[in-house]
Amino acid sequence: MKKILIINGPNINMLGIREPKKYGKNKLSYINNKIKEKFEKKIKLFFFQSNSEEKIIKKIHKSYKKINYIIINPAGFSYNSYSILDAMLSVDIKYIEVHITNIFSRKDRDRSIFSRNAICIISGMGYMGYISALKFLIKI
Ligand SMILES: O=C1C[C@@](O)(C(=O)O)C[C@@H](O)[C@@H]1O
């Protein structure tokens, strides 16, 4: 069974409360449960959310040779954390970048430093983005 780690960056723990018109009304726990229900028989899933750059980096390092693919929503770190990007490149684990909103529609946030090295980017599909990423990773 493939092992897939889903990493969510800062403020994703505030889903459901945070700007619901933009990010939706569902909490992260609801989304993660939906994902578990749907995929737990097909893949081994690991979930991680942190508001701390250091903790995210440590989690990525620990994934070395243990995880097959990462799905990452770097959230606010998408635009500036070369340290997280370097961690991703260090462990050499292929990843899909997911954003709940369409970052390309935002003038000030349309360029994520993670995109260039990602398998693909899913942006603007709400939490369905995580599901689409998983469906794809199961197939490849
Ligand atoms: O925190 C986030 C969430 C986000 O990554 C998204 O999932 O749409 C988009 C980012 O611009 C923002 O900083």
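Just follow the structure's listing: the first ligand is 1, and inside any ligand the first atom is 1. Note that the numbering runs from 1 along the sequence shown for the chain.
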Below 3.5 angstrom, do we get any N/O pair linking S78 and ligand 1? no
Looking only at N/O atoms, are V98 and ligand 1 under 3.5 Å apart anywhere? no
To the nearest 0.5 Å, what is the distance between CD1 (I4) and CZ (F39)? 8.5 Å
Distance (rounded to the nearest 0.5 Å) between S83 OG and M88 CE: 13.5 Å
Under a 4.0 angstrom heavy-atom cut-off, which atoms of ligand 1 come close to [X]?
| X | value |
| --- | --- |
| R106 | 11 (O) |
| G76 | 1 (O), 13 (O) |
| T101 | 6 (C), 8 (O), 9 (C) |
| R109 | 10 (C), 11 (O), 12 (C), 13 (O) |
| I103 | 9 (C) |

Any M125 heavy atom less than 4.0 Å from ligand 1: no
Out of curiosity, is N73 lining ligand 1, as in a heavy atom under 4.0 Å away? yes
Stepwise side-chain contact (heavy atoms from CB on, under 4.5 Å) check, I6 with L134: CA-CA 10 Å; I6 302 178; L134 284 165; 4.1 Å; yes
The single option from I43, I71, N68 that satisfies side-chain contact (heavy atoms from CB on, under 4.5 Å) with L137 is I71
Tell me whether S81 contacts the main-chain N or O of I84 through its side chain, where contact means a donor paired with an acceptor under 3.5 Å. yes
Within the side chain of K2, is there an N or O that forms a donor-acceptor pair under 3.5 Å with the backbone of I140? yes
Do me a favour and list the nearest non-hydrogen protein atom to [atom] with residue, atom name and distance?
| atom | result |
| --- | --- |
| atom 2 (C) of ligand 1 | R18 NH2, 3.4 Å |
| atom 10 (C) of ligand 1 | Y79 OH, 3.3 Å |
| atom 4 (C) of ligand 1 | H99 ND1, 3.7 Å |

Option of least heavy-atom distance to atom 6 (C) of ligand 1 (set: D108, L15, I100, I122): I100
Review item, side-chain donor-acceptor pairs of residues 108-119, under 3.5 Å, at least two apart:
{"residue": "S112", "atom": "OG", "partner": "E97", "partner atom": "OE2", "Å": "2.6"}
{"residue": "S112", "atom": "OG", "partner": "F114", "partner atom": "N", "Å": "3.0"}
{"residue": "S115", "atom": "OG", "partner": "E97", "partner atom": "OE1", "Å": "2.9"}
{"residue": "S115", "atom": "OG", "partner": "S112", "partner atom": "O", "Å": "3.4"}

K55 meets the side-chain contact (heavy atoms from CB on, under 4.5 Å) criterion, sequence neighbours left out, with F48, S50, S52
Determine whether Y79 and I103 satisfy the following criterion, side-chain contact (heavy atoms from CB on, under 4.5 Å), listing intermediate values before the conclusion. CA-CA 11 Å; Y79 312 102; I103 61 165; 3.4 Å; yes
